Amino acid sequence: MKKYLSLSAILIVIALLTGCSSNNGEKVYVYNWGEYIDPETIELFEEETGIKVIMDEFDTNEEMYPKIQAGAINYDVVCPSDYMIQKMIENDLLYELNFDNIPNIKYIDPKHLENSEEFDPGNKYSVPYCWGTVGILYNKTMVDEPVDSWGIIFDEKYSGEILMMDSVRDAFGIALKYLGYDLNSTNEAELEEAKALLQKQYPLVQAYVVDQVRDKMIGDEAALGVIYSGEAIYTSRENPNLEYVVPKEGSNVWIDSWVIPKNSKNKENAEAFINFMCDPEIALMNFEYITYSSPNLGAWELIEDETIKNSPVAYPPDDILNLCTPYRYLGEKIESLYIQKWNEVKGE
């Protein structure tokens, strides 16, 4: 961390020399996932620019969206996932970005910009921040067979030892892939089949969780859990008995990106914030803090730990990524159908 302390000191000096101060009234309102940014990077941004960051947090894309749609709070920067960005674009909720104000976009890996075209054609509205996969985390002392298929989380043998993702798209994506279907399926018969599989799994599940899967698996409270790859990196550091795998049937590869809502009152400040987060040293700080993979090539080149730099979990090889598909926004009608069937799975 010494180099970051020195960077901080340098930025303070710059701020003093240029007359920058957080007292100038400039602000940027950021709406982000919980614990999804290194607080020190916020401090550095404020010191360098004099722009005060006000941060709110959300737990799911579905929680975030209606607040942006309603426009009750004028957020300047938001960090949604791929399919939700597509929905926001289609509903005219986002500004096009002025990339003259975001020159650090040059550090983003072109393959992630290409993947972003799936939900943001032309990369006009979003800048990738973090990415990863969805897979199975398992405890080697509690599972005595190879783990390479989604089938294991539907196995009665592990009743009460399974942590399932409390997310409609992730749950249905898993079931659809296991059944051999597209995880973006709009076929009602396929969705009904996936629902039936999830209903059969329901009594086997110890808990439906999102962030809590991390602590439960670290504490040996379950044998198997569905988890995001970034969380898997953290858990393996805390509990060496934990292993992560992307099942052979395939999974989701996701991207969370920075966007600017159309009701932003501080668009240039928002672009300054996005540009700062694309600086390689800042991107590296965020990667090391949250352990979610960075799409920033400059940051990757700065990683000193070769085991992380070449980790198949953090940076999976093409043969794994080729099994994975981004989520797409499927329209209001199909989205409602997914939610209806998910509620039926959980008896709500």
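All figures in this text were calculated on a predicted structure; none of them were measured in a lab.
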Original post:
Is it true that D166 and K346 make a salt bridge, defined as a side-chain N closer than 4.0 Å to a carboxylate O?
Top reply: yes
Original post:
Going by heavy atoms in the side chains, are D76 and I260 under 4.5 Å from each other?
Top reply: no
**OP:** For salt bridge (Lys or Arg N to Asp or Glu O under 4.0 Å), just list the numbers for K157 and D144, CA-CA rounded to whole Å, side-chain angles, deciding distance to a tenth of an Å, and then say yes or no.
**Re:** CA-CA 11 Å; K157 175 180 178 181; D144 58 3; 3.2 Å; yes
**OP:** Taking all heavy atoms of A270 and all of V77, pick out the closest pair and write down the distance.
**Re:** CB-CG2, 3.4 Å
Original post:
Would the W254 and Y327 ring centres measure less than 6.0 Å apart?
Top reply: no
**OP:** Take the angle between the ring planes of H112 and W131 and call it parallel below 30°, perpendicular above 60°, tilted in between.
**Re:** tilted
Original post:
With the threshold set at 4.0 Å, does a side-chain nitrogen-carboxylate oxygen contact exist between K195 and E192?
Top reply: yes
**OP:** Tell me whether the guanidinium CZ or amine NZ of K200 lies under 6.0 angstrom from the six-membered ring centre of F154 and within 45° of its axis.
**Re:** no
Original post:
Going through the distances and angles, do E268 and N101 end up as a side-chain hydrogen bond (donor to acceptor under 3.5 Å, both in side chains)?
Top reply: CA-CA 7 Å; E268 288 190 4; N101 295 330; 5.0 Å; no
Original post:
Do D120 and K124 come close enough that some side-chain heavy atom pair is under 4.5 Å?
Top reply: yes
**OP:** Compute the centroid of each ring, for Y138 and then for Y244, and state whether the two points are separated by less than 6.0 Å.
**Re:** no
Original post:
Less than 4.5 Å apart, any side-chain heavy atom of M55 and any of N32?
Top reply: yes
**OP:** Specify whether W300 and Y315 have parallel, tilted or perpendicular ring planes, treating 30° as the upper limit for parallel and 60° as the lower limit for perpendicular.
**Re:** perpendicular
Original post:
Hey, is E304 close enough to K309 for a salt bridge, meaning N to O under 4.0 Å?
Top reply: no
Original post:
Pick from L137, T235, I227: which one makes a side chain to side chain contact (heavy atoms under 4.5 Å, CB included) with V213?
Top reply: I227
Original post:
When the ring planes of Y292 and Y228 are compared, do they come out parallel, tilted or perpendicular, using 30° and 60° as the limits?
Top reply: tilted
Original post:
Does E188 reach the side chain of I334, with side-chain heavy atoms less than 4.5 Å apart?
Top reply: no
**OP:** Could you go through the side-chain hydrogen bond (donor to acceptor under 3.5 Å, both in side chains) check for N187 and S185 one step at a time?
**Re:** CA-CA 6 Å; N187 183 303; S185 177; 5.4 Å; no
Original post:
If you measure only the distance, is there a donor-acceptor pair under 3.5 Å linking the side chains of N266 and S264?
Top reply: no
**OP:** May I ask you to test the K341-V345 pair for a side-chain heavy-atom distance under 4.5 Å?
**Re:** no
Subject >> Pair E238 + R214, salt bridge at N-O below 4.0 Å >> reply: no
Subject >> SB check K262 D92 (cutoff 4.0 Å) >> reply: yes
**OP:** Flag the pair T291 / R237 as yes when at least one side-chain heavy-atom distance between them is below 4.5 Å, and no otherwise.
**Re:** yes
**OP:** Please report the C-alpha distance between D220 and N239 in whole Å, then the side-chain angles of each, then the deciding distance to 0.1 Å, and finally whether the side-chain hydrogen bond (donor to acceptor under 3.5 Å, both in side chains) criterion is met.
**Re:** CA-CA 9 Å; D220 296 328; N239 185 337; 3.0 Å; yes
Original post:
Can you check whether F119 and Y83 have ring centres sitting under 6.0 Å from each other?
Top reply: no
Subject >> SB check K177 E249 (cutoff 4.0 Å) >> reply: no
Original post:
Are the side chains of N241 and M142 in touch, meaning some heavy atoms are under 4.5 Å apart?
Top reply: no
Original post:
Are K216 and D211 close enough for a salt bridge, meaning some N to O gap below 4.0 Å?
Top reply: no
**OP:** Give me the ring orientation class for Y75 and Y31: parallel if the planes are under 30° apart, tilted from 30 to 60°, perpendicular past 60°.
**Re:** parallel
**OP:** Write down the atom of N74, the atom of G71, and the distance for their closest heavy-atom approach.
**Re:** ND2-O, 4.4 Å
Original post:
Does E63 reach the main-chain N or O of D59 with its side chain, forming a donor-acceptor pair under 3.5 Å?
Top reply: yes
Original post:
Going through the checks in order, is the side-chain contact (heavy atoms from CB on, under 4.5 Å) test met by K140 and L242?
Top reply: CA-CA 6 Å; K140 294 180 289 186; L242 300 177; over 6 Å; no
Original post:
Any side-chain heavy atom of Q206 sitting closer than 4.5 Å to one from I162?
Top reply: no
